[in-house]
Colleague: 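Please find one structure pasted underneath; my questions will follow.
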Amino acid sequence: MIQTTLIKIGGMTCMGCVKSIQTILDGTSGINQVEISLDQALATIQHDPAIVDVDQLKAIIEDTGFEIINE
Ligand SMILES: [Cu+2]
């Protein structure tokens, strides 16, 4: 079942940052759709949590060099 997860991301300064996160997530299996807003510092990710769960999404973003903002 597909789930939509919102993740706040710190450290994105330009569309290049957005593109690098987008590219990595797009290439990850279990992720159906990714939208990233630079203005809102927010990623909206549609994924199958049985394949890639929220903690794994956060780890992938951190490994790309950005930080997760927990609210
Ligand atoms: Cu950038």
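All heavy atoms count here, side chains included; hydrogens, waters and symmetry mates do not. When a ligand or atom number is given, it counts from 1 through the structure's own listing order. Note that this is a predicted model, so its numbers are computed, not measured.
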Colleague: Within the 4.5 Å heavy-atom criterion, are Q3 and V54 side-chain neighbours or not?
Modeller: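 Sidechains of V54 and Q3: in contact.
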Colleague: In terms of heavy-atom contacts, does NZ of K8 have more than 12 from other residues, nucleotides or ligands at under 6.0 Å?
Modeller: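 Atom NZ in K8 is packed in, count exceeds 12.
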Colleague: Determine which pairs satisfy side chain to side chain donor-acceptor pair (under 3.5 Å) with at least one residue from residues 49-61, sequence neighbours left out, and list them in order.
Modeller: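 Pairs touching residues 49-61 that pass the test: none.
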Colleague: Check which hydrophobic residues are tied to I45 through side-chain heavy-atom contacts below 4.5 Å, counting indirect links as well, and list them.
Modeller: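 Members alongside I45: I7, I9, M12, M15, V18, I21, I24, L25, I31, V34, I36, L38, V52, L57, I60, I61, F66, I68.
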Colleague: To the nearest 0.5 Å, what is the distance between NE2 (H47) and CD (Q33)?
Modeller: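 CD of Q33 is found 12.5 Å from NE2 of H47.
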Colleague: Which other residues end up in the same hydrophobic cluster as L42, if Ile, Leu, Val, Met, Phe, Trp and Tyr are linked when side-chain heavy atoms come under 4.5 Å apart?
Modeller: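 Members alongside L42: L6.
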Colleague: Protein N/O/S atoms under 2.8 Å of the Cu ion (ligand 1)?
Modeller: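 Near the Cu ion (ligand 1), below 2.8 Å, one finds C14 SG, C17 SG.
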